[in-house]
Visitor: 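Sharing a structure with you now.
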Amino acid sequence: MKFKWRWLVTMLIVGLMVTGSLVGLGQSRYAKAATKGNRTLIIYFSMSGTTKQAAQQIQKYTGADIVRLQRATPYPKGYDNYAKVADRERRQGTHPAIKRNLPNLSRYDTVLIGFPTWWQQPPMVIHTLFDDYDFSGKTIIPFTTSMSTPMKNSMSTMRQIGQADGATVKNGFRYDDNNAALKKFLRKNHLLKSQQ
């Protein structure tokens with residue numbers, strides 16, 4: 001009986017040691033994955049849904065985290081209505097309050113920032129984004145949606161506000177539903193998932 005008891009205790013101890021080793025191995029693997037994390041973030045502002053579609057396409061090709069930038073008080077519905085408010089913000093240099101719903105930016109190295117081009121410039125909420133969050137040390141890659149205005153029209157503004165925050169701002173991309181061109185752009189910037 002004593003032998004059986006000792007044998008059971010020994011097997012229990014061995015089992016606990018093996019289990020502890022496996023749990024430790026699992027935890028170290030998890031910690032490694034958590035440390036590696038996703039280092040790319042997509043922040044997009046969209047009114048009509050076009051820039052949202054562009055951001056989702058980029059997310060599909062990159063696997064990046066994604067978050068929508070929103071004005072604290074929503075713009076009025078209907079193009080004519082929100083265009084009046086947005087134009088007034090532009091003319092007056094107003095930086096409207098935004099919802100503070102972004103993840104901790106210290107987790108990210110590269111941030112793609114998307115917006116519709118309004119009056120050949122980024123909307124004023126993009127200025128507020130840089131007012132409210134610290135992009136120092138980040139690589140910023142802008143992308144825009146526009147019927148005809150090229151990305152270069154917005155680049156001087158993006159460089160100005162990005163560099164003032166200590167970020168590196170790369171040339172951006174105008175998305176016009178050309179996914180082949182988008183993939184080429186993302187590949188050039190080393191953002192394309194390996195299986196794409």
Side-chain angles (χ1 to χ4, degrees), residues 33-34 36-71 74-75 82 86 98-163 165-196:
K36 183 180 177 185
N38 194 341
R39 305 301 295 175
T40 304
L41 175 67
I42 301 164
I43 302 171
Y44 72 92
F45 170 73
S46 184
M47 282 300 299
S48 67
T50 305
T51 307
K52 178 182 179 180
Q53 291 173 0
Q56 289 174 334
Q57 195 66 44
I58 291 170
Q59 198 274 336
K60 175 184 173 183
Y61 290 148
T62 63
D65 293 342
I66 187 168
V67 63
R68 181 179 179 186
L69 176 65
Q70 294 175 281
R71 198 171 181 265
Y75 284 105
Y82 71 72
I98 58 174
K99 288 186 178 179
R100 295 183 63 89
N101 62 332
L102 269 61
N104 184 349
L105 293 184
S106 66
R107 294 173 45 203
Y108 301 97
D109 301 319
T110 302
V111 183
L112 293 107
I113 299 178
F115 50 87
T117 299
W118 288 352
W119 299 279
Q120 291 76 50
Q121 294 297 314
M124 297 307 289
V125 294
I126 300 299
H127 292 263
T128 312
L129 174 66
F130 283 87
D131 292 342
D132 290 1
Y133 291 91
D134 181 10
F135 288 90
S136 59
K138 310 293 180 201
T139 297
I140 304 294
I141 303 177
F143 66 95
T144 188
T145 53
S146 169
M147 290 295 291
S148 59
T149 307
M151 183 74 233
K152 67 179 182 179
N153 288 37
S154 296
M155 284 308 302
S156 60
T157 300
M158 291 304 296
R159 282 203 174 90
Q160 181 183 1
I161 60 178
Q163 290 171 357
D165 213 29
T168 299
V169 182
K170 290 192 171 184
N171 287 332
F173 181 80
R174 180 174 72 90
Y175 182 71
D176 58 359
D177 294 325
N178 185 336
N179 290 330
L182 174 60
K183 287 174 78 170
K184 183 178 179 181
F185 175 80
L186 295 171
R187 187 179 292 112
K188 180 183 174 183
N189 285 279
H190 310 290
L191 293 170
L192 204 62
K193 286 193 294 191
S194 56
Q195 66 267 30
Q196 293 288 338

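The first residue of the sequence shown is numbered 1, and numbering continues consecutively from there.
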Visitor: Look only at the side chain of K52 and the backbone of Y44, and say whether a donor-acceptor pair between them is shorter than 3.5 Å.
Guide: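 Pair absent, no side-chain N/O of K52 close to backbone of Y44.
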Visitor: For the residue pair T145 and T51, confirm or rule out a side-chain donor-acceptor distance under 3.5 Å.
Guide: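 Judged by distance alone, the side chains do pair up.
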Visitor: Looking at CD1 of I141 and OG1 of T62, how far apart are the two atoms once the value is rounded to the nearest 0.5 Å?
Guide: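 Between I141 CD1 and T62 OG1, I get 10.0 Å after rounding to 0.5 Å.
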Visitor: Test your reading of the model: is there a side-chain donor-acceptor pair from K138 to the backbone of Y108, 3.5 Å cut-off?
Guide: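 A pair under 3.5 Å: yes.
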Visitor: Please check this pair: side chain of T168 against backbone of T139, looking for a donor-acceptor N/O pair closer than 3.5 Å.
Guide: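 Pair absent, no side-chain N/O of T168 close to backbone of T139.
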Visitor: With rounding to the nearest 0.5 angstrom, report the CG to CG distance, L69 to N101.
Guide: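 Separation between the atoms: 7.5 Å.
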Visitor: For I42 and A55, work out which heavy atoms get closest and say how close.
Guide: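 Smallest heavy-atom distance, with atoms named: CD1-O, 3.8 Å.
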Visitor: Please work out whether the ring planes of F135 and F130 are parallel, tilted or perpendicular, with thresholds of 30° and 60°.
Guide: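 Tilted.
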Visitor: Under the side chain to side chain contact (heavy atoms under 4.5 Å, CB included) rule, what do L186 and K193 come out as? Steps first, then yes or no, please.
Guide: CA-CA 9 Å; L186 295 171; K193 286 193 294 191; over 6 Å; no
Visitor: Are R174 and F185 in a cation-pi setup, meaning NZ or CZ lies under 6.0 angstrom from the ring centre and within 45 degrees of the ring axis?
Guide: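 So R174 doesn't make the cation-pi contact.
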Visitor: Does any non-hydrogen side-chain atom of T50 lie less than 4.5 Å from one of P116?
Guide: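 Answer no - side chains too far apart.
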Visitor: Is K170 reaching over with its side chain to a backbone N or O of N189, donor-acceptor style, under 3.5 angstrom?
Guide: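 No, the answer is negative, given that no donor and acceptor are paired below the 3.5 Å cut-off.
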Visitor: For K99, is there any backbone N or O sitting under 3.5 Å from a side-chain donor or acceptor partner on R71?
Guide: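 Side chain of R71 to backbone of K99: no pair is present.
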Visitor: Do the side chain of R107 and the main chain of L41 share a donor and acceptor less than 3.5 angstrom apart?
Guide: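 No; zero donor-acceptor contacts below 3.5 Å.
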Visitor: List the steps and the verdict of side chain to side chain contact (heavy atoms under 4.5 Å, CB included) for F173 and K188.
Guide: CA-CA 12 Å; F173 181 80; K188 180 183 174 183; over 6 Å; no
Visitor: Which is it for M158 and F115 under the side chain to side chain contact (heavy atoms under 4.5 Å, CB included) test, yes or no, and what are the steps along the way?
Guide: CA-CA 11 Å; M158 291 304 296; F115 50 87; 3.8 Å; yes
Visitor: After noting the C-alpha distance and the side-chain angles of Y75 and V125, does the key distance pass the side chain to side chain contact (heavy atoms under 4.5 Å, CB included) rule?
Guide: CA-CA 11 Å; Y75 284 105; V125 294; 3.7 Å; yes
Visitor: Just by modelled atom types, is the G49 backbone N or O under 3.5 Å from a matching donor or acceptor in the S46 side chain?
Guide: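 Between the backbone of G49 and the side chain of S46 there is a qualifying donor-acceptor contact (under 3.5 Å).
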Visitor: Are any of the side-chain heavy atoms of L129 and L102 separated by less than 4.5 Å?
Guide: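 L129 vs L102: side chains touch.
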Visitor: As an exercise, state the distance from OG1 of T157 to CD of Q120, rounded to the nearest 0.5 Å.
Guide: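 Atom-to-atom, T157:OG1 and Q120:CD are 11.0 Å apart.
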Visitor: I need the minimum non-hydrogen distance between I161 and H127, along with the two atoms involved.
Guide: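 Heavy atoms of I161 and H127 come nearest at CG2-ND1, 3.6 Å.
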Visitor: Locate the shortest heavy-atom distance separating T40 from A64; write the atom from each residue and the value.
Guide: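 T40 and A64 have their closest heavy atoms at O-CB, 3.4 Å.
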Visitor: What pair of heavy atoms forms the shortest contact from A167 to I140, and how long is it?
Guide: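 For A167 and I140, the tightest heavy-atom pair comes out as CB-CG1, 3.7 Å.
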Visitor: Working to the nearest 0.5 angstrom, can you tell me the gap between T144 OG1 and W118 CH2?
Guide: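 T144 atom OG1 to W118 atom CH2 measures 11.0 Å (nearest 0.5 Å).
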Visitor: CD1/I66 to CD1/I58 distance, rounded to the nearest 0.5 angstrom?
Guide: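 Spacing of CD1 (I66) from CD1 (I58) equals 8.0 Å.
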Visitor: Backbone N or O of S136 within a donor-acceptor pair of the D134 side chain at under 3.5 Å?
Guide: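 A pair under 3.5 Å: yes.
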Visitor: From I98 CD1 over to M124 CE, what is the distance, rounded to the nearest 0.5 angstrom?
Guide: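 The distance works out to 12.5 Å.
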Visitor: Under a 3.5 Å cutoff, is there a donor and acceptor pairing between the side chains of Y175 and N179?
Guide: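 Present: a donor and an acceptor within the cut-off.
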